[in-house]
S.K.: 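Take a look at this one; I'll ask things after.
All values below were derived from every heavy atom in this structure, side-chain atoms included, with hydrogens, water molecules and symmetry-related copies excluded.
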Amino acid sequence: MTSDTPSGKQAKSPRNGGDQLLEVDDRLFLQSVARALYVLEAFGRDARPMSLSEIAASARITKSAAQRAAQTLLSLGYLERSSDGGLLPGRRLLDRAFDYLRSNPLIERATPILIELRKNSSERVDFSLFDDLSILYAIRLQSKRETFFATLAGRRIPTFCSSGGRAMLAHLDDAAIDDILRRSERKALTPKTITDLDKIWDKVREARREGYAYAVEESLLGEVVLSAAVLDDRRQPVAAVHIAGSLSEWTVDDFRKRFAPLAIEAARALSY
C-alpha cells in the first residue's frame with residue numbers, strides 16, 4: 001500500500017442528487033477528511049464489526065491512516081466499539097441522516113403524499129432519489145409483510161435493475177441512458193435480475209411508453225414493484241414513487257392495472 005487515498009477518488013467531483021456536479025476546486029481537497037469518509041464507507045460494503053486491518057483494506061488506505069481516522073471518529077461518536085472490540089458505525093451517524101432528511105424539501109413534500117398513497121394502496125410505498133448508477137431510498141412506508149432491508153431508508157439499489165431506476169432512465173436521452181448502463185456493473189441481485197443490456201433497454205423503452213416501470217423479483221424474490229418518476233422543472237428525473245406487492249397476493253397484470261395509475265398520479269403531484 002503506497003497511498004493514503006484510493007486511486008481516482010480525489011479526482012472525481014461529488015454528485016449532488018445524482019443529476020448535477022458540484023463545483024469543486026481540487027486544490028482545496030483535504031485528504032484527511034476524505035480518509036475519514038472512506039473509513040465510514042467501508043461499512044457499506046461489509047455490515048459487521050471490522051478490525052483496523054479490515055477497514056484499511058476495504059477503504060484502500062494504509063493501516064496507519066485508518067487508525068488515525070478511526071480514533072477521531074470514535075472520539076466524535078461516528079464509530080463505536082462492538083462487544084468483541086471491533087468497530088461499527090456509531091449512533092451519531094443517525095443525526096446526520098436526520099439532518100439530510102429534514103433539510104430536503106422534496107422529501108418533506110413527498111411524505112404526506114406517500115402517507116396517503118399507503119392508505120389508498122394498503123401496500124408498501126417507497127420514495128427514492130436518483131443518484132447516477134443507483135437509487136437511494138429516502139422514505140419507506142411498510143405493509144404487513146417485510147424483509148429487514150426493505151424497511152430501511154438509506155438502502156441503495158442499482159439503477160439498471162430497479163423499477164424506480166428504469167422509470168427515471170426513461171426520462172433521459174438515449175446517450176445518457178447508454179452512459180449509465182455501460183458504467184453499471186450489472187450484477188444480479190436475484191436469479192430473476194435482468195442484466196442483459198438489450199433487455200434492460202427494452203424495459204426502459206417500455207417505461208417510456210407506459211409512463212411507469214415495473215420489476216418482478218429482480219431485487220427481492222416474491223415481490224413485484226412498479227414506479228413512476230418525479231421530474232424537476234427541467235423535466236429531468238430526480239426521484240421515483242414506488243409501490244411494492246407480493247406475488248402470493250397479486251398477479252403481475254392485476255398489480256399493474258390496480259396501482260400504476262396511483263403511482264403516476266403521486267409522481268405527477270410531486271413533479272415541479
S.K.: Does any N or O in the side chain of R155 come within less than 3.5 Å of the main-chain N or O of L136, such that one atom is a donor and the other an acceptor?
M.R.: no
S.K.: When you group the ILVMFWY residues by side-chain heavy-atom contacts below 4.5 Å and let the links chain together, are L169 and L197 in the same group?
M.R.: yes
S.K.: Taking the side chain as every heavy atom from C-beta outward, state whether L88 and R81 have any pair of such atoms under 4.5 Å apart.
M.R.: no
S.K.: Yes or no on side chain to side chain donor-acceptor pair (under 3.5 Å) for R96 and Y78, after CA distance, side-chain angles and deciding distance?
M.R.: CA-CA 10 Å; R96 304 290 73 78; Y78 290 100; 2.9 Å; yes
S.K.: Any Lys/Arg nitrogen of D254 or R258 sitting under 4.0 Å from an Asp/Glu carboxylate oxygen of the other?
M.R.: no
S.K.: For a quick test of reading the model, state the closest non-hydrogen atom pair linking I200 to F160 and the distance between them.
M.R.: CD1-CD1, 3.5 Å
S.K.: Please check this pair: side chain of D232 against backbone of Q236, looking for a donor-acceptor N/O pair closer than 3.5 Å.
M.R.: yes
S.K.: If you measure from CG on L231 to CZ on R268, what distance do you get to the nearest 0.5 Å?
M.R.: 10.0 Å
S.K.: Output yes when a side-chain donor or acceptor of E217 lies under 3.5 Å from a complementary backbone atom of E223, and no otherwise.
M.R.: no
S.K.: I'd like to know whether CZ of R48 has more than 12 heavy-atom contacts from other residues, nucleotides or ligands below 6.0 angstrom.
M.R.: yes
S.K.: Looking at E218, E206, E210, which hits salt bridge (Lys or Arg N to Asp or Glu O under 4.0 Å) with R166?
M.R.: E218
S.K.: Before you tell me yes or no, could you show the steps for L93 and F43 under side chain to side chain contact (heavy atoms under 4.5 Å, CB included), namely the whole-Å CA-CA distance, both residues' side-chain angles and the distance that decides it to 0.1 Å?
M.R.: CA-CA 12 Å; L93 287 170; F43 293 95; over 6 Å; no
S.K.: Stepwise, does the side chain to side chain contact (heavy atoms under 4.5 Å, CB included) test hold for R183 with D132?
M.R.: CA-CA 10 Å; R183 286 188 291 114; D132 194 35; 2.9 Å; yes
S.K.: Go through D99 and R102 one step at a time and tell me if the salt bridge (Lys or Arg N to Asp or Glu O under 4.0 Å) criterion holds.
M.R.: CA-CA 5 Å; D99 292 341; R102 71 173 178 171; 3.6 Å; yes
S.K.: Which pair of non-hydrogen atoms, one from A213 and one from A167, has the smallest distance, and what is that distance?
M.R.: CB-N, 3.6 Å
S.K.: R208 side chain to A170 main-chain N or O, any donor-acceptor pair under 3.5 Å?
M.R.: yes
S.K.: Just checking, is any N or O donor in the side chain of T251 or D253 under 3.5 Å from an acceptor N or O on the other one?
M.R.: no
S.K.: D131 side chain to S134 main-chain N or O, any donor-acceptor pair under 3.5 Å?
M.R.: no
S.K.: Looking only at side-chain N and O atoms, does S64 offer a donor or acceptor that is under 3.5 Å from a partner on R68?
M.R.: yes
S.K.: Using the rule that Ile, Leu, Val, Met, Phe, Trp and Tyr join whenever any side-chain heavy atoms are under 4.5 Å apart, tell me whether V39 and L76 fall into a single cluster.
M.R.: yes
S.K.: To the nearest 0.5 Å, tell me how far H171 NE2 sits from S271 OG.
M.R.: 8.0 Å
S.K.: Hey, does M168 have a side-chain heavy atom less than 4.5 Å from the side chain of I135?
M.R.: yes
S.K.: Could you grab the distance from atom CD1 of I243 to atom CG of L141, nearest 0.5 Å is fine?
M.R.: 11.5 Å
S.K.: Using the test ring pair (Phe, Tyr, Trp, His ring centres under 6.0 Å), find all partners of F259 that sit at least two apart in sequence or belong to another chain.
M.R.: W250, F255
S.K.: Quick one, L133 with I180, criterion side chain to side chain contact (heavy atoms under 4.5 Å, CB included). Give me CA distance, side-chain angles, the key distance, then yes/no.
M.R.: CA-CA 6 Å; L133 302 186; I180 288 173; 3.9 Å; yes
S.K.: With K203 as the cation and Y214 as the aromatic partner, state whether NZ or CZ is under 6.0 Å from the six-membered ring centre and within 45° of the axis.
M.R.: yes
S.K.: Have T193 and T195 got a donor and an acceptor in their side chains that come within less than 3.5 Å?
M.R.: no
S.K.: Counting distance only, does the side-chain N/O of S163 pair as donor-acceptor with the main-chain N or O of A215 below 3.5 Å?
M.R.: no
S.K.: Out of curiosity, does L220 fall in the hydrophobic cluster containing L226 (side-chain heavy atoms, cut-off under 4.5 Å, transitive links)?
M.R.: no
S.K.: Scan residues 220-246 for pairs that pass ring-ring contact (aromatic ring centres under 6.0 Å, His included), counting only residues two or more places apart or in two chains.
M.R.: Y137-H242
S.K.: Would a single hydrophobic cluster contain both L73 and L30, if residues Ile, Leu, Val, Met, Phe, Trp and Tyr are joined by side-chain heavy-atom contacts under 4.5 Å?
M.R.: yes
S.K.: Side chains of I115 and R118: closer than 4.5 Å at any heavy-atom pair?
M.R.: no
S.K.: Taking I61 as the starting point, is it possible to reach V33 by hopping between hydrophobic residues whose side chains are less than 4.5 Å apart?
M.R.: yes
S.K.: Given side chains that start at C-beta, do those of D126 and L114 come closer than 4.5 Å, heavy atoms only?
M.R.: no
S.K.: What heavy-atom pair brings F130 and P237 nearest, and what distance separates the two atoms?
M.R.: CD2-O, 3.5 Å
S.K.: In Å and rounded to the nearest 0.5 Å, what is the CG to CD distance from L117 to E265?
M.R.: 9.0 Å
S.K.: Give, for atom CD of E80 and atom CG of L74, the distance between the pair rounded to the nearest 0.5 Å.
M.R.: 8.5 Å
S.K.: Under a 4.5 Å cut-off applied to non-hydrogen side-chain atoms, are V241 and S227 in contact?
M.R.: no
S.K.: Going through the distances and angles, do M50 and L87 end up as a side chain to side chain contact (heavy atoms under 4.5 Å, CB included)?
M.R.: CA-CA 5 Å; M50 299 175 70; L87 295 171; 5.6 Å; no
S.K.: So, for G77 and R92, which heavy atoms are closest and what is the spacing to 0.1 Å?
M.R.: O-CB, 3.1 Å
S.K.: Under 4.5 Å between any side-chain heavy atoms of S53 and K63, yes or no?
M.R.: yes
S.K.: What pair of heavy atoms forms the shortest contact from I107 to Y100, and how long is it?
M.R.: CD1-CE2, 3.9 Å
S.K.: So, R109 side chain and L270 main chain: donor-acceptor pair closer than 3.5 Å or not?
M.R.: yes
S.K.: If only atom types and distance count, is the side chain of R186 paired as donor or acceptor with the main-chain N or O of L181 below 3.5 Å?
M.R.: yes
S.K.: Check G211 against A228 and note the closest heavy-atom contact, atom names and distance.
M.R.: O-CB, 4.1 Å
S.K.: So, Y212 versus R256: side-chain donor-acceptor pair below 3.5 Å or not?
M.R.: yes
S.K.: Report yes if some heavy atom in the side chain of Y38 is under 4.5 Å from a heavy atom in the side chain of I55; otherwise report no.
M.R.: no
S.K.: Measure the spacing between OG of S219 and CD1 of I157 and express it to the nearest 0.5 Å.
M.R.: 5.0 Å
S.K.: Take atom CD of E108 as the centre, draw a 6.0 Å sphere, and report whether it contains more than 12 heavy atoms from other residues, nucleotides or ligands.
M.R.: no
S.K.: Determine whether F127 and I113 make a side-chain contact, defined as any pair of heavy atoms from C-beta on separated by less than 4.5 Å.
M.R.: no
